[in-house]
Amino acid sequence: MTIFRKELRTGAVSLVIWSAVIGGLMAVCVGLYPSMEGSMGDMSALFAGMGEFSSAFGLDKLAFGTIMGFYGTECGNILGLGGAFFAALTAMGLLAGEEGGHTAEFLLTHPVSRLRAAGEKLAALAVMILILNVVCFACGAGGILAIRAETDWKDLLRYHAALLLMQLEVGGMCFGLSALLRRSGFGLAMGLAAGLYFLGLLINLDAAMEPLRFITPYYYADAARVFAGDPLLGPVLTGCALGLLGAGFGLWQYSRKDIAA
């Protein structure tokens, strides 16, 4: 597990920064809720009546004046976007970074198969994404406990589980793409994560785009759908399949590709 530990050490600083920034922003947002609670009723009615803007962000379904609606809208977007960017950027640099940084020849001289090396990198990615989400959940839940707001913890856990799965899916797809590159495609990673996010918004805006719900993980990681108890098994299973296919392709491609010195 030497490569696994090395990847965790290499990504430790980035993980701490992303966790601190995203978790800190979530805690701050929750902390602002009590000071805004008095005007939340009017704000909720205002947001719900803003037409397409309300539909895009689920404000026509979420009760923004409640802690769950506020959390799903504010904290959910922070973790949804920030976590996806972290997963995409980290995954995209795992395999391509070895060639771009000219460290592949050193790594592959060790008595470890390419498949095992890539597998340990993939495991490190999954652990870092899990740690990020645990920290962010602790910040969000800690903030809710600190302000003593009544919360449906079951729904909150389901929502955070959906966000975790979404980030693992994005990470798996970017890991697969990373095996095709010879240099870290950070722009491609950011573009993929942002593109999936905006595709989720477009599905909310136009019912004709509903069939695309199986492509973007932001569909099943949408707070309005999770809190409303919408049937999401199909998109969730598809998301798991896409993430596993991406990860599996990355392992297969890296085990057979010509590595540039």
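All figures in this text were calculated on a predicted structure; none of them were measured in a lab. The figures here come from the full heavy-atom set of this structure, side chains too, leaving out hydrogens, waters and symmetry mates.
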Would Val30 and Glu74 count as a side-chain contact (heavy atoms from CB on, under 4.5 Å) if you check the C-alpha gap in whole Å, the side-chain angles of each, and the deciding distance to 0.1 Å? CA-CA 9 Å; Val30 175; Glu74 300 295 333; over 6 Å; no

Trace of the side-chain contact (heavy atoms from CB on, under 4.5 Å) decision for Arg158 with Asp152: CA-CA 10 Å; Arg158 288 175 57 238; Asp152 188 331; over 6 Å; no

Intermediate values then yes/no, side-chain contact (heavy atoms from CB on, under 4.5 Å), Ile144 and Trp153: CA-CA 10 Å; Ile144 292 174; Trp153 292 101; 4.0 Å; yes

Does Met166 form a side-chain contact (heavy atoms from CB on, under 4.5 Å) with Tyr197? I'd like the steps, not just the answer. CA-CA 11 Å; Met166 178 266 289; Tyr197 175 77; over 6 Å; no

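Atoms CG and OG1, on Leu202 and Thr216 in that order, are 9.5 Å from each other to the nearest 0.5 Å. Separation of atoms SG (Cys136) and CG (Leu163) is listed at 9.5 Å; rounding is to 0.5 Å. With values rounded to the nearest 0.5 angstrom, Leu177 atom CG is found 8.0 Å from Phe249 atom CZ. To the nearest 0.5 Å, atoms CD1 (Ile131) and OG (Ser19) are separated by 8.0 Å. Distance check, rounded to the nearest 0.5 Å: CE of Met128 to OG of Ser14 gives 8.0 Å. Rounding to the nearest 0.5 Å places CG of Leu168 at 7.5 Å from CG of Asn133.
Leu89 and Val16 fall into different hydrophobic clusters, where Ile, Leu, Val, Met, Phe, Trp and Tyr side chains are chained together by heavy-atom contacts under 4.5 Å. Note on Phe214: it does not cluster hydrophobically with Leu205, by side-chain heavy-atom contacts below 4.5 Å among ILVMFWY residues. Residues Leu237 and Leu242 fall into different hydrophobic clusters, defined by Ile, Leu, Val, Met, Phe, Trp and Tyr side chains chained together at heavy-atom separations under 4.5 Å. When hydrophobic clusters are built by joining Ile, Leu, Val, Met, Phe, Trp and Tyr residues whose side-chain heavy atoms come closer than 4.5 Å, directly or via intermediates, Ile17 is grouped together with Val135. The hydrophobic cluster containing Leu251 does not contain Leu244, counting ILVMFWY residues as joined when their side-chain heavy atoms lie under 4.5 angstrom apart, directly or transitively.
Put simply, the side chain of Glu7 does not reach to within 4.5 Å of the side chain of Leu125, judged on heavy atoms. Taking the side chain as every heavy atom from C-beta outward, Tyr220 and Leu165 approach each other to under 4.5 Å. Between Phe86 and Leu15, the closest side-chain pair of non-hydrogen atoms falls below 4.5 Å. At a threshold of 4.5 Å between non-hydrogen side-chain atoms, the residues Gln167 and Leu79 count as touching.
Across all their heavy atoms, Leu94 and Lys121 have their closest contact at O-NZ, 3.2 Å. Closest approach of Asp155 to Val226, counting heavy atoms only: O-CG1, 4.2 Å. Here the shortest heavy-atom pairing between Ala179 and Gly250 reads CB-O, 3.7 Å. Shown here for Ala247 and Leu122, the closest heavy-atom pair between the two residues is CB-CD2, 3.7 Å. The two residues Met173 and Leu192 have their closest heavy-atom pair at CB-CD2, 4.5 Å. Smallest separation of non-hydrogen atoms from Met92 and Ser178: O-OG, 2.9 Å.
The main-chain N or O of Tyr71 is never found under 3.5 Å from a side-chain atom of Tyr159 such that the two would form a donor-acceptor pair. For the pair Ser255 (side chain) and Leu115 (backbone), a donor-acceptor distance under 3.5 Å is absent. Looking only at distances, a side-chain donor or acceptor of Thr10 sits under 3.5 Å from a matching main-chain atom of Lys6. Looking only at distances, no side-chain donor or acceptor of Arg213 sits under 3.5 Å from a matching main-chain atom of Pro235. Judged by distance alone, with hydrogens and angles left aside, the side-chain atoms of Glu120 form a donor-acceptor pair with the main-chain N or O of Ile3 at under 3.5 Å. In terms of modelled atom types and a separation under 3.5 Å, the side chain of Thr90 and the main chain of Ala87 share no donor-acceptor contact. Asp222 places no side-chain N or O within 3.5 Å of a backbone atom of Tyr218 that could act as its donor or acceptor partner.
Ring geometry for Phe70 versus Tyr33: interplanar angle of 30 to 60°, hence tilted.
Counting only residues at least two apart or on different chains, no ring pair (Phe, Tyr, Trp, His ring centres under 6.0 Å) pair has a member in residues 168-191.
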